[in-house]
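A short write-up of the structure that comes next.
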Amino acid sequence: METATPKHKHRRAIALAAALVAIPGVLGCQSTAHGDNLAERALDSIGVHRVARPAFPATAAGLSPVRRRIVSVLRTEYDHPHAGEYYAQGVREPWCADFVSWTQRKAGSPVRNPGNGSWRIPGVATLTEYYQSVGRFRGPGYHPKPGDVVLYSPPNRFKQHTNTVIAVDGNRVTTLGGNEPPIAISINSYDLATVKGIVGYGLPR
């Protein structure tokens with residue numbers, strides 16, 4: 001049996017990473033999953049995260065202080081990202097909701113886990129329930145602003161996921177999220193007129 005050379009192994013790793021990126025929602029965040037982000041590890045192992053990323057959009061004028069702080073925190077994490085465990089108190093798990101919890105707390109708009117009182121809510125469903133329980137949830141017909149948390153479910157391309165609005169231009173909404181394709185902390189956007197699977201939005205304090 002022929003033994004794979006290091007060169008062949010490297011090629012296989014690149015092919016595996018490409019396949020993982022091609023799967024919709026592979027880095028999505030499930031509310032009950034507690035895996036160790038195999039896709040993210042595969043990408044990290046071959047340096048794919050060093051690809052060029054879109055520029056962070058300019059911060060809109062007229063935002064409230066807390067919304068400006070949220071956007072500022074997100075800009076810092078985009079420019080200087082950490083591994084997912086950093087935002088999840090050392091826990092290895094799908095960390096999109098952890099990232100939202102961490103950034104909201106850092107900006108002075110913390111969430112509160114209804115189960116244990118912690119600042120960290122690791123599940124998208126629980127994060128949705130939290131915003132509903134405190135009266136800061138808005139349905140999918142709401143027109144979001146920078147600093148709002150977006151909550152997704154299938155058939156959205158992210159599946160069950162959450163991220164935060166960083167810019168709005170008419171119906172075009174730009175977001176930043178953790179554990180999100182194509183790179184672990186990523187900028188993405190959607191059109192309010194055509195997007196599917198948005199459960200709603202969580203507003204800052």
Side-chain angles (χ1 to χ4, degrees), residues 21-29 49 51-81 87 95-111 121 124-125 127-132 134-205:
V21 172
I23 300 171
V26 72
L27 294 181
C29 185
H49 287 175
V51 300
R53 302 185 300 164
F56 197 97
T59 301
L63 295 178
S64 68
V66 67
R67 290 180 182 275
R68 290 188 67 84
R69 289 196 302 270
I70 292 168
V71 173
S72 177
V73 168
L74 292 169
R75 181 189 292 271
T76 298
E77 298 313 303
Y78 186 63
D79 291 341
H80 307 284
Y87 306 105
W95 49 279
C96 63
D98 293 317
F99 184 71
V100 164
S101 300
W102 189 93
T103 55
Q104 292 285 318
R105 175 175 178 254
K106 184 77 171 178
S109 180
V111 299
I121 298 179
V124 178
L127 187 63
T128 304
E129 292 168 2
Y130 163 78
Y131 280 115
Q132 292 170 333
V134 296
R136 303 206 315 271
F137 177 83
R138 300 293 182 271
Y142 166 78
H143 198 286
K145 302 175 183 177
D148 288 334
V149 171
V150 194
L151 302 149
Y152 306 88
S153 67
N156 191 275
R157 65 192 177 103
F158 291 140
K159 310 303 181 186
Q160 190 170 42
H161 184 64
T162 183
N163 57 24
T164 306
V165 177
I166 56 174
V168 179
D169 182 8
N171 276 342
R172 196 73 186 169
V173 176
T174 302
T175 62
L176 188 145
N179 199 31
E180 180 173 310
I183 303 169
I185 295 180
S186 299
I187 289 176
N188 281 284
S189 63
Y190 61 87
D191 189 323
L192 284 169
T194 60
V195 67
K196 297 179 180 179
I198 290 184
V199 175
Y201 302 88
L203 278 58
R205 293 176 182 270

task = Please examine the side chains of Pro57 and Ile166, heavy atoms only from C-beta on, and report whether any two atoms are closer than 4.5 Å.
result = yes

query = Which residue pairs pass the salt bridge (charged side-chain N to carboxylate O under 4.0 Å, His left out) test when at least one of the two sits in residues 188-205, sequence neighbours left out?
reply = none

ask   = Should the pair Trp95 and Tyr87 be assigned to parallel (<30°), tilted (30 to 60°) or perpendicular (>60°) ring geometry?
value = parallel

request  = Taking the side chain as every heavy atom from C-beta outward, state whether Ile70 and Gln104 have any pair of such atoms under 4.5 Å apart.
outcome  = yes

task = Just jot down the side-chain contact (heavy atoms from CB on, under 4.5 Å) partners of Gln132, sequence neighbours excluded, or say none.
result = Thr128, Glu129, Phe137

key: pair Phe99-Leu176: side-chain heavy atoms closer than 4.5 Å   = yes

ask   = How close do Gly147 and Val71 get, heavy atom to heavy atom, and via which atoms?
value = N-CG2, 4.3 Å

query = Would you say the side chain of Leu192 lies within less than 4.5 Å of the side chain of Tyr190, judging by non-hydrogen atoms?
reply = yes

query = Quick one: does Ser101's side chain have a donor or acceptor within less than 3.5 Å of a partner on Ile121's backbone?
reply = yes

note = Distance col, row Thr174:OG1 vs Asp169:CG, nearest 0.5 angstrom, shows 8.0 Å

ask   = Nearest 0.5 Å, what's the CZ-CG distance between Phe158 and Asn188?
value = 4.0 Å

request  = Check each of Leu74, Val149, Asp98 against Thr103 using the side-chain contact (heavy atoms from CB on, under 4.5 Å) test, and report the only one that passes.
outcome  = Leu74

ask   = Considering all heavy atoms of both residues, which atom of Pro155 and which atom of Gly197 are nearest to each other, and what is their separation?
value = CD-CA, 4.0 Å

request  = Would you confirm whether Arg138, through its side chain, and Tyr201, through its main-chain N or O, come within 3.5 Å as a donor-acceptor pair?
outcome  = no

query = Where the side chain of Asn163 meets the backbone of Ile187, is there a donor-acceptor pair that is under 3.5 Å apart?
reply = no

Rounded distance [0.5 Å steps], CD1 in Ile185 versus CG in Asp79 = 10.5 Å

key: Atom of Pro204, atom of Ser109 and distance for their closest heavy-atom approach   = CA-OG, 3.4 Å

task = Using the salt bridge (charged side-chain N to carboxylate O under 4.0 Å, His left out) rule, collect all pairs that involve residues 54-78, keeping only residues at least two apart or in two chains.
result = Arg67-Asp148

query = With distance as the sole test, does Thr175 use its side chain to make a donor-acceptor pair with the main-chain N or O of Thr164 at under 3.5 Å?
reply = no

ask   = With no hydrogens and no angle check, is any side-chain donor or acceptor of His161 less than 3.5 Å from a backbone partner on Val124?
value = no

